[in-house]
Amino acid sequence: MSVASNPAGGSSSEGGPALPRVFSGIQPTADSFHLGNYLGALRQWVAMQDTHDAFYCVVDLHAITIEHDPAVLRRRTKVAAAQLLAMGVDPDRATVFVQSHVPEHAELAWVLGCLTGFGEAGRMTQFKDKSSKQGSAGTSVGLFTYPVLQAADILLYSPEPGPDAPDLRVPVGEDQRQHLELTRTLAGRFNHRFGETFVAPEAFIPKDAAKITDLQEPTAKMSKSASSPQGIVDVLEDPGPMRKKIMRAVTDTGSEVVYDEEKKAGVTNLLRIYSALEGTSVADLEARYAGSGYGQFKKDLAQVVLDTFTPIRERTLRLLDDEERLERLLAHGAGRASAVAERTMEIVRDRVGFVGRGR
């Protein structure tokens, strides 16, 4: 399909209506994405670039709400971008960029912050959870206003409102629904006060997104912040440790390879992973391994995981070795994102009442 970029209203097939626009971002807070990231979100990013005007962002501004090492942040940002490209996000079909390369993100966040009530921001569940753990001395204002910056990230790429405006979609999990509702509230509040400017974003759950849990604690989400190293499979992990983690994954009593979330949470999680990576139904996998026990099942699954991630790892390392090419691709993405962001901010500045800058 041939896709033409249209910064004012989204991409479209030649001669067809504008595609719905989608925005999604991911933090560069680890040295590698993990299996849960890949199956829960990133693989769908690749699919969506064919059906949406896609904007995918490495959100490095969000990554500094806690104390960080600048050199580590810089490295992880590049690694995150390289992984997205290595997974199949095509910079000619999707706009791939680094958040801090488009300063309008921070500018719109300030405007929206001035429309956000203190109590409204304080009710955000993630802020309450994190601040209660860190205490007031360890909680930054940036963590408090994090959801407002998220709102700006999304609304900056809003199509122009109107009867033929394409949808603005945001892939979200349950932990981000409250933030998306705040975004919708702020879009409506701005529109009511200053005139129709933003399309209210819609939550979008991509089909085939898999819920992956910790390999050692299969009732808990696979998470860099909560899982043990043995509970996570990293996309960029060496083959040996990757295979061992699958082989040592917690299963359950008995030896039947069957899907049962209550009685066999460990095997169920492995079946989800296998099904998602190979594209085989869980029922077919159950039939394939009937009577064979966990050993062969895990051995085969480990190979499927390696076959999926080894090429991604190799492509990522090649991109990181060619830093000039990676920077060129990110500059290309930032240019495309800026074309939309600058147009949005021109409208916002005018409607808020800022004095225009002379040419």
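Because only heavy atoms are used, hydrogens play no part in the values below, and waters and symmetry mates are left out as well, while side chains stay in. Note that this is a predicted model, so its numbers are computed, not measured.
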Looking just at side-chain N and O atoms, do [X] and [Y] make a donor-acceptor pair shorter than 3.5 Å?
X      : Y      : value
Arg21  : His52  : no
His34  : Asp234 : no
Gln49  : Asp90  : no
Thr77  : Asp60  : no
Arg243 : Gln303 : yes
Gln150 : His179 : yes

Salt-bridge contact [X]-[Y] (side-chain N to carboxylate O under 4.0 Å):
X      : Y      : value
Arg288 : Glu278 : yes
Lys221 : Asp214 : no
Lys264 : Asp252 : no

Can we call the ring centroids of Phe190 and Phe198 under 6.0 Å apart?
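Yes, the ring centres sit under 6.0 Å apart.
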Closest contact, heavy atoms only, Thr316 versus Val79
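Reported closest heavy-atom pair: CG2-O, 4.5 Å.
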On a heavy-atom basis, the closest approach of Gly293 and Val257 is O-CG2, 3.8 Å
Hey, can you tell me if Phe118 and Phe144 have their rings parallel, tilted or perpendicular (30° and 60° cut-offs)?
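Ring orientation of Phe118 relative to Phe144: tilted.
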For the residue pair Phe55 and Phe97, categorise the inter-ring angle as parallel (less than 30°), tilted (30 to 60°) or perpendicular (more than 60°).
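Phe55 vs Phe97 ring planes: perpendicular.
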Determine, stepwise, if the pair Phe309 / Tyr38 fulfils ring pair (Phe, Tyr, Trp, His ring centres under 6.0 Å).
CA-CA 10 Å; Phe309 290 139; Tyr38 179 73; 5.2 Å; yes
Side chain to side chain contact (heavy atoms under 4.5 Å, CB included) evaluation trace for Leu42 with Leu84
CA-CA 8 Å; Leu42 300 177; Leu84 294 179; 3.8 Å; yes
Distance in Å, Tyr157 OH paired with Cys57 SG, rounded so as to fall on 0.5 Å steps
6.5 Å
Interatomic distance, CZ@Arg76 vs NE2@His68, rounded to 0.5 Å, equals 11.0 Å
Are the side chain of Asp260 and the backbone of Glu262 linked by a donor-acceptor contact shorter than 3.5 Å?
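Yes.
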Non-hydrogen side-chain atoms of Met222 and Thr213 separated by less than 4.5 Å
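Counting from C-beta outward, Met222 and Thr213 never come under 4.5 Å.
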